[in-house]
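Taking it in order: structure first as structure tokens, then the write-up.
Naming convention: chains lettered A, B, ... in sequence-line order (proteins, then strands); numbering from 1 in each chain.
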Protein chains: 2
Amino acid sequence: MRRTKAEAEETRSNILSAAERLFYEKGVSNATLEDVAKAAGVTRGAIYWHFSNKTDLFLALYNSVQMPQEDMLAREIEEPGSDVLGNIEKLTVDWLDELASDEHRQRIFTILLRCDYSEDLMPVLERQQEVDDRHAALLENAFAKASSEGYLDANWTPRSATKALWWMMGGLCSEWLLFGRRFDLAAEGKDGLKRLFAGFRPVTIDMVGSAEVHSMT
Amino acid sequence: MRRTKAEAEETRSNILSAAERLFYEKGVSNATLEDVAKAAGVTRGAIYWHFSNKTDLFLALYNSVQMPQEDMLAREIEEPGSDVLGNIEKLTVDWLDELASDEHRQRIFTILLRCDYSEDLMPVLERQQEVDDRHAALLENAFAKASSEGYLDANWTPRSATKALWWMMGGLCSEWLLFGRRFDLAAEGKDGLKRLFAGFRPVTIDMVGSAEVHSMT
DNA sequence: ATTTTAACATACATATTTGTTTGTATAATT
DNA sequence: AATTATACAAACAAATATGTATGTTAAAAT
């Protein structure tokens with residue numbers, strides 16, 4: 001039953017998809033390698049051939065998903081003179097759209113969210129932290145640029161705006177993923193972001209007219 | 001070795017605390033009942049006497065933490081004429097303070113966040129959802145009251161404000177709990193909430209002065 | 001055409017965890 | 001004071017998952 005290299009690569013990939021489905025459905029630690037093997041149409045022998053153990057399989061799965069478009073974010077910031085806040089907002093909304101339409105990514109993120117990280121999975125947590133930190137730093141740079149150009153309302157600092165956006169995105173996606181996707185992520189997210197970003201932009205005189213003016217109490 | 005009723009109740013509580021610590025440290029599914037028993041200074045016999053199995057123990061632990069102060073929120077809304085938005089903000093900040101100073105609650109929440117919910121734990125997830133929904137509904141009521149009294153900026157609706165606040169709190173607490181509490185939850189949370197709530201309040205003429213006025217492009 | 005080796009399947013040995021059963025000392029009951 | 005039921009500990013049985021070792025077949029290599 002010796003397979004050609006292409007076939008072997010296919011079973012490897014089959015194992016990975018099966019692992020993704022089962023880790024997602026039963027949780028990483030509740031899914032057994034026997035389950036994964038059966039779902040992939042192979043025996044554990046195949047799994048142990050391609051991966052050294054469950055942790056290794058998990059790490060391979062984790063590495064198989066390419067993380068969000070940092071480069072895009074970085075490039076958007078470079079673009080001079082354009083509407084920086086608008087760019088950030090668009091990028092964020094796009095990211096939500098992608099997540100909403102990519103079940104693969106949904107499952108991976110869900111797995112990452114709700115797996116309990118025992119000691120051997122710590123590298124995953126740490127790498128997640130790294131990526132997050134870099135990402136947040138880029139965001140803060142973008143907001144800093146917006147701020148220096150006068151496009152950030154005085155109420156916000158680059159750092160606070162970054163965090164508000166970050167936390168809102170985190171809460172939004174977590175709730176959506178963990179609680180059965182009970183709402184339209186793209187639509188609701190877009191709406192929420194629109195309002196949040198409206199708050200980021202400086203207030204202009206003509207905006208005040210529409211609101212009732214309250215006297216200070 | 002038959003113990004008095006009080007002693008028995010104490011071992012039961014010891015088991016619960018040990019379970020809390022170990023579920024927190026190793027994750028629910030990676031912590032064995034033997035671990036818990038050892039940590040509690042008993043044998044598994046004691047655990048099986050007080051609880052029927054691990055799931056039951058987990059549920060008991062979950063039930064032992066009283067959920068956030070819905071009643072307080074409900075009462076605050078009733079209070080007439082007062083600054084509703086201010087009340088919500090204060091309540092939220094207080095909630096963060098409590099979480100920041102209550103390690104017990106921190107561990108419970110962390111456990112709930114990162115345990116993978118296999119089928120037998122589903123009741124927990126569902127109850128969490130229930131509580132969350134009720135809580136969110138109360139919040140929305142409060143924002144609706146604020147709105148009807150003209151205290152909510154036109155940019156926001158009760159529902160959108162609720163969600164923005166909800167998601168931000170969720171993201172904030174999740175990041176803090178899951179990523180090693182790397183920042184000052186109470187301080188940063190308070191700051192972020194201050195800015196978010198500033199955006200909730202209607203803009204008044206005198207606020208515009210401090211900001212540079214940009215011409216419309 | 002042989003030989004070798006890659007890509008698995010199969011079988012096995014072991015460790016781990018769980019659930020249950022039995023034993024037992026003592027508090028509570030009568 | 002004798003009995004009973006409680007609150008466990010200790011032992012046992014069974015299931016489950018893991019890791020490894022061995023077998024097998026066909027693709028490559030020679």
Side-chain angles (χ1 to χ4, degrees), chain A residues 1-61 64 111 115-121, chain B residues 1-61 64 111 115-121:
Chain A
M1 307 214 171
R2 148 90 137 144
R3 309 293 167 79
T4 172
K5 243 188 180 178
E7 286 173 325
E9 200 48 44
E10 197 187 333
T11 70
R12 189 191 129 98
S13 131
N14 284 345
I15 293 172
L16 278 172
S17 340
E20 179 187 311
R21 287 207 315 277
L22 274 152
F23 287 175
Y24 171 73
E25 286 169 17
K26 312 180 65 169
V28 176
S29 36
N30 295 326
T32 160
L33 289 186
E34 180 71 32
D35 293 336
V36 174
K38 208 169 293 181
V42 293
T43 68
R44 284 187 309 124
I47 296 183
Y48 277 103
W49 172 258
H50 287 283
F51 312 93
S52 60
N53 52 36
K54 199 207 257 186
T55 302
D56 187 46
L57 172 58
F58 180 83
L59 290 175
L61 185 60
S64 79
I111 292 170
C115 81
D116 25 61
Y117 295 93
S118 56
E119 315 199 5
D120 48 350
L121 296 184
Chain B
M1 305 212 175
R2 146 94 138 141
R3 307 293 166 77
T4 173
K5 244 188 179 179
E7 287 172 324
E9 199 50 41
E10 196 186 334
T11 70
R12 188 191 130 98
S13 129
N14 285 345
I15 293 172
L16 278 172
S17 341
E20 178 186 311
R21 287 206 314 279
L22 275 151
F23 287 176
Y24 171 73
E25 286 169 17
K26 313 181 64 171
V28 176
S29 37
N30 295 324
T32 160
L33 288 186
E34 179 72 32
D35 292 336
V36 174
K38 210 171 288 179
V42 293
T43 68
R44 286 186 308 124
I47 296 183
Y48 277 102
W49 172 256
H50 286 283
F51 311 93
S52 59
N53 52 37
K54 199 206 258 188
T55 302
D56 188 46
L57 173 58
F58 179 83
L59 290 175
L61 184 60
S64 78
I111 293 169
C115 79
D116 28 59
Y117 294 93
S118 56
E119 315 199 5
D120 47 350
L121 296 185

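With respect to B:F23, the side chain to side chain contact (heavy atoms under 4.5 Å, CB included) criterion is satisfied by exactly one of B:L57, B:N30, B:D35: B:L57.
Whole-Å rounding puts the B:N14 CG to D:dA7 C1' distance at 14 Å. In this entry the distance linking CD of A:E7 with P of D:dA27 reads 8 Å, nearest Å. Note: NZ (A:K5) to P (C:dA7) measures 7 Å, nearest angstrom. The OH-C1' distance, from B:Y48 to D:dC12, rounds to 14 Å in whole Å. Taking atom CG of residue B:L33 and atom P of nucleotide D:dC8, one finds them 16 Å apart after rounding to whole Å. Separating the CZ atom of A:R44 from the C1' atom of D:dG23 is a distance of 16 Å, rounded to the nearest angstrom. The nearest whole Å value for the distance from the CG atom in B:N53 to the C1' atom in C:dT20 is 13 Å. The distance from atom CD of A:E9 to atom C1' of C:dA7 is 12 Å, rounded to the nearest whole Å.
Using a 4.5 Å cut-off on side-chain heavy atoms (C-beta onward), A:F51 and A:R12 make contact. The shortest side-chain heavy-atom distance between B:E34 and B:K38 falls under the 4.5 Å cut-off.
A close approach under 4.0 Å does occur between a side-chain nitrogen or oxygen of A:T32 and OP1 or OP2 of D:dT18. Distances shorter than 4.0 Å separate none of the side-chain N or O atoms of B:T4 from OP1 or OP2 on C:dT26. At D:dC8, one or more side-chain N or O atoms of B:H50 fall inside 4.0 Å of OP1 or OP2 (strictly under the cut-off). Dashed line: the shortest gap from a side-chain N or O of B:T11 to OP1 or OP2 of D:dC8 is under 4.0 Å.
Note that CD of B:E25 and CD1 of B:I111 are 9.5 Å apart. Values are rounded to the nearest 0.5 Å.
Checked by distance alone, A:R2 brings no side-chain donor or acceptor within 3.5 Å of a matching partner on the base of D:dT25.
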